[in-house]
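Some notes on the structure that comes next.
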Protein chains: 2
Amino acid sequence: MKAGTDLAQIASLVGDPARANMLAALMGGAALTASELALEAGVTLPTASAHLSKLTGGGLLRMARQGRHRYYALADHQVAGMLESIMGVAATLGPKKVLPGPRDNAMREARICYDHLAGEMGVAMFDAFAARGLLAVNGSEIALTESGCGFFEDFGLDLAAMRGKRRPICRACLDWSVRRSHLAGSLGAALLDRFVALNWVRREKDSRIIRFTPPGRRSFALMLRD
Amino acid sequence: MKAGTDLAQIASLVGDPARANMLAALMGGAALTASELALEAGVTLPTASAHLSKLTGGGLLRMARQGRHRYYALADHQVAGMLESIMGVAATLGPKKVLPGPRDNAMREARICYDHLAGEMGVAMFDAFAARGLLAVNGSEIALTESGCGFFEDFGLDLAAMRGKRRPICRACLDWSVRRSHLAGSLGAALLDRFVALNWVRREKDSRIIRFTPPGRRSFALMLRD
DNA sequence: TTCATAGTTAGATGCTAACCGAACTATCAA
DNA sequence: TTGATAGTTCGGTTAGCATCTAACTATGAA
């Protein structure tokens, strides 16, 4: 009985269409202002404000003031993971897909999950790193190996900076489309940043879709191979 | 905007206290009748009936008639996993725990997750199997190794029967208390059945808690070791 | 058949919560 | 100061939904 109460409390926060739209928008990883989220949810500012205070009060969001703006973001990875898992259920259950549609396919191939790469490309990357011994995978405990350290530093990542943070460097995140793990944690986030900086990928405006540029796709494949 | 709608639809199903209690009860793995679930949720039969038709209609539950009873169960593992992940968020967010409490600790040590063993003991078992090469773990893709086949058959499991079914033999399931993977799939379910048959463990009445008998605990530790 | 139990359907009720407009506060920019 | 933008708070309205009782259907047992 107690377990059900906790469950309902969190789920009902997500269960309102306006709030769900806000959360879905925040799955893009960027922090958004109250006004932007109001727009996203299709409600007026006062309504959005009420929703946002519920979400922050419930611990799903965190807020940072900046001047006269208030930026909202998902509280942590656990919340992002929960949302992904709900979306996963929704995706398999909603058999309303007459045909998948090109946007759907793009989402399956590569998308942003909070702040790291997910979808088939994300899973492929994770598998390749594991196979090459750059990551030591044991259950869902993942660690950087020595050769992994060298590889990622060569690739231009600042591992020292990551170690300073409280956030774990490596984490596994379960993919709703592929149902396999991909790489999250600060390493996952840094890799995606780097891909963007190298112009390998481009984020589609106002969506979670990530598109590989043609040269980016080649370089990415090369990186996984050798 | 579309993603949010799907999200809200599923989450709102879980977001009602009565329904959440039913789902929590079904996390125990057993199929329950409408009356039992009504009792569990603390509502009258008609109310429960309405909830149950929503849950089945929404794809979270499946129902089987049996004489004049109707047995309800979670639709699949994905739904169970989603519920676990919501519970995980609830557990870390709800800092209302003044002190953990003995029942809480028992849940953390060993509990049933749909139909297999979860909690610290579940994670320990998974790790031990992986370390001994009985399971080949690659990301969240898990396979039985040759030595694993021998081991589990010696332990009294009927692997041939499992292969016949559509359900995957091995699957990883993320643990909300320990945040590590443990073994799900038909192998995970069969192991738990076997533990019960061997009297190593006993399910606590009306809860998800699994208690190891003293000899069971010894035998279990031995099994992990050699 | 007749009775009992399991469950659904229908109808009525009442509460909660989402929503908006209007007024208020806070920050920035002249 | 004055004006503009960002956001919150307040009050009132509305709609949806969970809930119950009562009546109905279906299955099994005597």
Side-chain angles (χ1 to χ4, degrees), chain A residues 1-26 30-74, chain B residues 1 4-26 30-74:
Chain A
M1 187 90 179
K2 177 55 168 34
T5 310
D6 293 350
L7 200 57
Q9 221 160 5
I10 299 298
S12 68
L13 283 175
V14 186
D16 173 82
R19 285 194 295 264
N21 279 316
M22 294 176 170
L23 292 168
L26 291 171
L32 300 174
T33 66
S35 310
E36 291 169 321
L37 288 167
L39 194 68
E40 197 72 43
V43 294
T44 61
L45 241 186
T47 304
S49 180
H51 284 309
L52 288 168
S53 81
K54 278 187 194 183
L55 287 171
T56 44
L60 297 189
L61 297 186
R62 58 191 162 73
M63 189 261 285
R65 291 165 213 261
Q66 207 162 111
R68 52 181 163 176
H69 291 277
R70 294 187 169 197
Y71 282 93
Y72 291 89
L74 297 185
Chain B
M1 186 95 177
T5 310
D6 293 350
L7 201 56
Q9 221 159 6
I10 299 296
S12 68
L13 283 176
V14 186
D16 172 83
R19 285 194 294 263
N21 278 317
M22 293 175 171
L23 291 169
L26 291 171
L32 300 175
T33 66
S35 309
E36 290 169 323
L37 288 167
L39 193 70
E40 197 71 43
V43 294
T44 60
L45 239 186
T47 304
S49 179
H51 284 309
L52 289 169
S53 81
K54 280 187 192 181
L55 287 171
T56 44
L60 297 189
L61 298 186
R62 59 190 160 74
M63 187 260 286
R65 291 166 214 257
Q66 207 162 112
R68 52 182 163 179
H69 292 276
R70 294 188 169 197
Y71 282 92
Y72 291 88
L74 297 185

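Note on B/H51: a side-chain N or O is less than 4.0 Å away from OP1 or OP2 of D/dT19. Between D/dA18 and B/R19, a contact under 4.0 Å exists linking OP1 or OP2 to a side-chain N or O. At least one side-chain nitrogen or oxygen of A/K54 sits closer than 4.0 Å to the OP1 or OP2 atom of C/dA18. Between B/R70 and the phosphate of D/dT27, there is no side-chain N or O to OP1/OP2 separation shorter than 4.0 Å.
Between the P atom of C/dC19 and the CE atom of A/M22 lies a distance of 9 Å, rounded to the nearest Å. Rounding to whole angstrom units, CG of residue A/L37 and P of C/dA18 are separated by 16 Å. Between the P atom of C/dA6 and the CG atom of B/L32 lies a distance of 15 Å, rounded to the nearest Å. Going from atom CG of B/L45 over to atom P of D/dC24 covers 18 Å, rounded to whole Å. Between the CZ atom of A/R65 and the P atom of C/dT25 there is a distance of 16 Å, rounded to whole Å. Rounded to whole Å, the distance from CG on B/L13 to P on D/dG16 is 17 Å.
Side chain of B/P46, nearest nucleotide from C/dA10, C/dG7, D/dA18: C/dA10. You'll find that the side chain of B/R68 is closest to D/dG28, out of C/dT8, D/dA6, D/dG28. Here the side chain of B/V43 is nearest to one of D/dT5, D/dT19, D/dT27, namely D/dT19. When distances are taken from the side chain of A/D16 to each of C/dT9, D/dT8, C/dA18, the shortest belongs to C/dA18. Of the candidate nucleotides D/dT5, D/dC20, C/dC19, C/dC19 has the atom nearest to the side chain of A/T47. Side-chain proximity of A/Y72 to C/dT8, D/dT8, D/dA18: nearest is D/dT8.
Of the inter-residue distances, the one linking B/L32 atom CG with B/H69 atom NE2 reads 12.5 Å to the nearest 0.5 angstrom. Here the NE2 atom belonging to B/H51 is positioned 10.0 Å from the CG atom belonging to B/N21, to the nearest 0.5 angstrom.
Under the 3.5 Å distance criterion, the side-chain polar atoms of B/T56 are matched with a main-chain donor or acceptor of B/L52. Listed for the A/R19 side chain is a donor-acceptor partner under 3.5 Å among the backbone atoms of A/S12.
Note on B/A18: only backbone sugar-phosphate atoms sit closer than 4.0 angstrom, heavy atoms only; bases stay farther off. Nucleic acid contact for A/A50: none, since no nucleic acid atom lies under 4.0 Å from a heavy atom of the residue. Here B/S35 lies in heavy-atom contact (under 4.0 Å) with sugar-phosphate atoms only. B/T33 comes within 4.0 angstrom of the backbone, heavy atoms only, and of no base.
Nearest-nucleotide positions on DNA chain C for A/S12 and B/M63 put B/M63 closer to the 5' end.
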Worksheet item: Hey, mind stepping through A/L37 and A/L26 against side-chain contact (heavy atoms from CB on, under 4.5 Å) and telling me if it holds?
Response: CA-CA 9 Å; A/L37 288 167; A/L26 291 171; 4.1 Å; yes

Worksheet item: Passes side-chain contact (heavy atoms from CB on, under 4.5 Å), B/L74 versus B/L61? Steps please.
Response: CA-CA 4 Å; B/L74 297 185; B/L61 298 186; 3.8 Å; yes

